[in-house]
Each structure stands twice: as structure tokens, then as C-alpha cells.
Amino acid sequence: MAKHFSEFDEFNIVPELKPLGAWTYFGLSILFSIPIVGLICLIVFSFSDANINRRNYARSYFCMLLLVLVLVAVLFFTGLLGSTIEAIQAGRWPDFLSWLPWAKA
């Protein structure tokens with residue numbers, strides 16, 4: 001076991017615990033955004049033991065995706081989603097948000 005931080009290097013890290021770089025997270029975000037292939041990769045990476053950091057990122061992305069789907073479903077079933085889309089298409093978007101305190105002129 002290393003007694004000092006300088007004795008550690010990236011070659012002594014177990015591959016399952018190796019940290020991911022910023023570009024890896026960026027690439028994974030783009031990969032997960034692809035409709036069918038991304039969902040398949042998201043599920044595979046969520047259950048993979050190859051790298052714990054990639055697995056945790058895939059799980060967090062999956063949770064975020066579920067939260068967005070639940071929010072869209074709630075908006076859809078309450079009718080707010082349809083009225084918002086209709087207001088945007090009719091050009092009444094600023095009037096539609098007039099109830100917001102910061103949207104008043």
C-alpha cells in the first residue's frame with residue numbers, strides 16, 4: 001500500500017475504479033441521447049460491472065430520463081402540455097405566461 005500520494009499513478013488503479021474524463025461524460029451524454037441505440041447502451045451500461053463510474057453515470061442519466069418522462073406525463077394528463085403547445089403554435093406564448101411575476105411588462 002502506498003504511504004504517500006506521489007506513489008500513486010494511473011497504472012495502479014483497478015480498471016473497474018478508473019475515473020472517467022470530462023470528454024467521456026460528454027460522449028456518453030451524446031450516446032445516450034440517440035433514440036434507440038442510446039437507450040440500449042444506457043440499459044447495458046447501467047448493469048455493467050466494467051467501470052463503476054460509467055455504471056453510476058448511466059444510472060443517474062436513467063433516473064433523470066425517468067423524471068422527465070414522469071413530468072411530461074403529468075403535464076400531458078393535466079392538459080397543460082397541450083395548451084402550452086397550442087399557445088406556442090398560435091403565437092400567444094408571451095400572453096400564456098402572463099401569470100408569471102417576471103413575465104409582466
Side-chain angles (χ1 to χ4, degrees):
M1 183 165 219
K3 297 178 183 173
H4 192 269
F5 184 73
S6 62
E7 295 177 25
F8 289 105
D9 60 6
E10 64 182 73
F11 300 110
N12 290 333
I13 297 176
V14 181
E16 292 85 16
L17 301 175
K18 191 169 183 176
L20 301 176
W23 285 107
T24 305
Y25 285 112
F26 181 73
L28 287 173
S29 297
I30 292 174
L31 176 66
F32 295 156
S33 298
I34 300 171
I36 295 176
V37 176
L39 184 62
I40 293 170
C41 290
L42 182 65
I43 293 169
V44 168
F45 289 160
S46 293
F47 294 106
S48 173
D49 286 335
N51 189 318
I52 194 168
N53 296 310
R54 185 179 63 189
R55 183 184 70 192
N56 289 337
Y57 181 70
R59 287 179 179 179
S60 70
Y61 196 94
F62 190 67
C63 289
M64 189 258 326
L65 183 65
L66 288 177
L67 287 174
V68 168
L69 289 176
V70 167
L71 178 66
V72 168
V74 167
L75 291 175
F76 177 76
F77 287 116
T78 59
L80 288 174
L81 184 66
S83 61
T84 304
I85 292 172
E86 183 180 313
I88 292 171
Q89 290 175 343
R92 294 180 289 122
W93 180 247
D95 296 335
F96 182 75
L97 292 177
S98 62
W99 59 273
L100 293 172
W102 58 83
K104 296 185 184 206

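All figures in this text were calculated on a predicted structure; none of them were measured in a lab.
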Check your understanding: Counting N and O atoms only, with roles assigned by atom type, does the side chain of S83 sit under 3.5 Å from a partner on the main chain of G79, one being a donor and the other an acceptor?
Key -> yes
Can you tell me how far the [atom1] atom of [X] sits from the [atom2] atom of [Y], to the nearest 0.5 Å?
X: L28; Y: C41; atom1: CG; atom2: SG; result: 9.0 Å
X: N51; Y: T24; atom1: CG; atom2: OG1; result: 9.0 Å
X: R59; Y: I52; atom1: CZ; atom2: CD1; result: 8.0 Å
X: E16; Y: D49; atom1: CD; atom2: CG; result: 8.0 Å
X: Y61; Y: S33; atom1: OH; atom2: OG; result: 3.5 Å
X: S48; Y: R54; atom1: OG; atom2: CZ; result: 4.5 Å

ILVMFWY network linking [X] to [Y], side-chain heavy atoms under 4.5 angstrom:
X: V72; Y: L66; result: yes
X: V74; Y: F76; result: no
X: L31; Y: I40; result: yes
X: W23; Y: F32; result: no
X: F47; Y: V44; result: yes

Point to revise | Over 12 foreign heavy atoms within 6.0 Å of CD1, I36 | key: no
**Study point:** Y57: ring-ring contact (aromatic ring centres under 6.0 Å, His included) partners, not counting sequence neighbours
**Key:** Y25
Revision key, fill the gap. Closest non-hydrogen contact found for A58 with L42 is O-CD1, 3.2 Å
Practice item. Starting from the C-alpha separation in whole Å, work towards a yes-or-no answer on side-chain contact (heavy atoms from CB on, under 4.5 Å) for Q89 and I85. Key: CA-CA 6 Å; Q89 290 175 343; I85 292 172; 3.8 Å; yes
